[in-house]
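Report on the structure given below.
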Amino acid sequence: MRFAPNPNGPATMGSARGIIVNSEYAKMYDGRFILRFDDTDPRTKRPMLEAYDWYLEDCEWLDAKPHEVIYASRRIPVYYEHIEKLLEMKKAYPCFCSREEFRRYRSEGIECPHRNTSEDALEIWQKMLDGAYKEGEVVIRIKTDMKHRDPAIRDWVAFRIIYESHPLVGDAYHVYPTLDFESAIEDHINGITHIIRGKDLIDSERRQRYIYEYFGWEYPITKHWGRVSIHEFGRLSTSTIRKAIEAGEFTGWDDPRLPTLRALRRRGFKPEAIRKFFISLGVGENDVSVSMKNLYAENRKIIDPIANRYFFVWDPVKIRIEGEAEELEKEVRLPLNPGGAGFRVIRGSNEVYISRDDFERFNKGEIVRLKEFCNIRLEDREKGIFSFAGWKPEGVKKGKNIIHWLPESEAVPCTVLGIEKNYRGFAESNAVKDIGKVVQFERFAFCRIESLNRELRAVYTHP
RNA sequence: GCUCCGGUGGUGUAGCCCGGCCAAUCAUGAGGGACUCUCGAUUCCUCGACCCGGGUUCAAAUCCCGGCCGGAGCACCA
């Protein structure tokens, strides 16, 4: 099995499907999983140097470490050898038609003048390599059938001239193979038995079969799947993301709002959840339109039992509790997580922060409960004054009237990088020791604590 | 337009090749209940689908034909 991306940007959710499904099959049948960079176009789909390593990182993260990594741009001489054989066999030829001319021949199903006249094909090829021709002046075509019922198959291009420095191999070459050619050769050399890829490559198979036939090779078994679109992200292509990043709309390729794997990793998603999510999508040929909620559900199953719970008071409002001031200075114990991992301790106070959302919901005289602490009654909304109303939870309406809270002494300034917006407020000081981990801010969401500088920074994972 | 695919609950998926055990799987979602301490978490229950028409057959989600709808490709991109 193989996954063959062009590293013109980092791996996204779309790449994840290819990585996961292919590697999963390799695991199931004890086969090999190869990561191959199809980076043979230094211009239109220019590879991004950093992205090569990012792909490697992302594969390992997804538990899909490749058995072998191939860089097509470093194996161009291999493709040259093969095309030379085809030229000798007269199964390929140099074509001097312009794109427009050839398009006409193709649509009318007639052979172009260069198809059978080039006795000196190998000489022309050599001159191409020597740089005797300009870009677009000549290409190498594979002979198929100019009467093929699908015009897309008719005598396709295998090599073209591009004078542009390649990010990985520099100026070593200026005659580059197309994807169809490079991929056909590599799949055979690497002994690929099964290919699973997008259905946009169905025609590619029909083209490549000609080469396999000429060389007497056996074509791998193929499966083509439809496009995945994710409700929350819509259609974001690598190039649109790049433009948006350059325009400053996103902070980088790992901006939590992006569907890149780097972003998901930053948000604290578990690779196992992503694997399950894509495996559940299957390999049908229909296009699928799926919601991130499914991924959230998978992820939640893994992290919910183990994520530590903390308070995060967003958009905070300071309130004062009157009466029992001394008694309020006590230690409050709250469960750390559902797995029974013990307790965290918060020191109570008669002055605490609560979220504005909560604060503005209450009516005068209403009793609410500060979770695991005490009950309070709203006395004066303008001044933010409540009165003490008992220790036991009795008498409090269940549900939304049990709220989270934080005293000044426990409050660490915190920003959560969200999806729709960022949230500012105070996080419970105990959360500081969970840097790098995914926690649940109670009544808010799961978040990954990222760093502590002037303030604590967290990244929104999901509800 | 030409070539080729596909249509199962709101969403995704299993089943289709090799017809019966399918009043159709699993997940997500939605609705409702529970919770002496997250009603944005957890938990329980319920709801909900074989595109349409014809044919073959004792029997069709599964096979055949037609229609409708949707998708992909038709680059010197991958």
Side-chain angles (χ1 to χ4, degrees), chain A residues 4-8 37-41 43-47 72 95 97-99 102-103 106-107 109 135-141 148-154 156-162 175-180 182-183 197-207 224-228 230-231 238-239 276-298 300-301 303-305 307 309-311 334-335 337-338 357 369-375 392-404 440-446 462-463:
Chain A
N6 174 12
N8 59 344
F37 293 108
D38 282 348
D39 56 349
T40 57
D41 182 351
R43 180 171 298 149
T44 319
K45 293 267 170 90
R46 182 161 235 274
C95 172
C97 294
S98 69
R99 291 180 200 227
F102 192 84
R103 192 172 301 145
R106 177 170 50 212
S107 60
E135 274 189 30
E137 198 175 344
V138 59
V139 297
I140 302 295
R141 291 185 183 279
H148 195 286
R149 37 196 326 218
D150 183 352
I153 309 305
R154 298 171 187 166
W156 51 276
V157 172
F159 283 86
R160 76 290 207 207
I161 301 169
I162 304 173
V175 178
Y176 285 94
T178 55
L179 167 82
D180 285 336
E182 169 265 314
S183 171
R197 78 241 284 191
K199 64 179 175 182
D200 47 322
L201 266 359
I202 283 178
D203 283 348
S204 194
E205 169 172 349
R206 286 193 267 265
R207 286 191 279 259
H224 298 268
W225 58 38
R227 294 167 62 101
V228 179
I230 293 172
H231 299 331
T238 303
S239 53
K276 282 197 172 138
F277 173 75
F278 279 108
I279 289 167
S280 78
L281 250 41
V283 288
E285 203 159 315
N286 265 358
D287 290 353
V288 300
S289 174
V290 67
S291 166
M292 284 289 280
K293 285 180 182 170
N294 292 278
L295 212 207
Y296 295 166
E298 290 296 347
R300 197 145 48 216
K301 282 177 203 159
I303 63 174
D304 183 61
R309 313 287 137 130
Y310 298 109
F311 286 155
L334 296 121
N337 74 30
D357 284 355
R369 179 166 180 76
L370 301 179
K371 194 185 175 203
E372 301 278 5
F373 185 30
C374 65
N375 302 338
K392 295 263 157 62
E394 281 102 60
V396 179
K397 233 193 320 176
K398 287 173 199 160
K400 288 199 165 183
N401 277 15
I402 297 174
I403 66 169
H404 54 107
Q440 188 196 54
F441 283 141
E442 295 192 46
R443 303 212 309 136
F444 181 68
F446 289 97
H462 57 71

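Below, each value reflects all heavy atoms present in this structure, side chains not excepted, and no hydrogens, waters or symmetry copies. All chains are named by letter (A, B, ...) in the order of the sequence lines, taking the proteins before the strands, and each is independently numbered beginning at 1.
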With a 4.5 Å heavy-atom cut-off, do I230(A) and V290(A) have their side chains touching? yes

Distance between P atoms of C52(B) and U57(B) (Å, rounded): 23 Å

A445(A) near the nucleic acid: base, sugar-phosphate alone, or nothing, with a heavy-atom cut-off under 4.0 Å? nothing

Below 4.0 angstrom, N of the basic side chain to O of the carboxylate: do D38(A) and K45(A) qualify? no

Which value, in whole Å, describes the distance between the C1' atoms of nucleotides A78(B) and G70(B)? 25 Å

Pairwise C1' distance for U8(B) and C16(B), with rounding to whole Å: 11 Å

Gap between atoms NE2 and P, on H462(A) and U38(B) respectively (whole Å): 19 Å

Quick one: do the N337(A) and R309(A) side chains pair a donor with an acceptor below 3.5 Å? no

With 3.5 Å as the limit, what N/O pairs link the protein to nucleotides 41-43 of chain B?
unit_1: A41(B); atom_1: O2'; unit_2: D304(A); atom_2: OD1; d: 3.0
unit_1: U42(B); atom_1: OP1; unit_2: R300(A); atom_2: NE; d: 3.3

Of the listed nucleotides U28(B), C37(B), C39(B), the one nearest the side chain of R443(A): C39(B)

To the nearest Å, give me how far apart CG (N337(A)) and P (U38(B)) are. 14 Å

Under 3.5 Å for both donor-acceptor distances, Watson-Crick or wobble: does A59(B) have a partner, and if so which one? none

With the sugar-phosphate defined as primed atoms, P, OP1 and OP2, and the base as all remaining atoms, what B/S/- string results for nucleotides 72-78 of chain B, 5' to 3', for protein heavy atoms under 4.0 Å? SBSSBBB

RNA chain B nearest-nucleotide lookup for G282(A) and E372(A): closer to the 5′ end is G282(A)

Rounded to whole angstrom, note down the P distance from C4(B) over to C58(B). 35 Å

Please report the distance separating the C1' of G54(B) from the corresponding atom of C68(B), rounded so that it comes out in whole Å. 14 Å

Any side-chain heavy atom of V157(A) within less than 4.5 Å of one from R99(A)? no

Quote, to the nearest angstrom, the C1' distance that separates C26(B) from A72(B). 29 Å

Nearest-neighbour nucleotide for the E285(A) side chain, C5(B), U3(B), U28(B) considered: C5(B)

What's the gap between C51(B) and U13(B) when it is taken at their P atoms, as a whole Å value? 14 Å

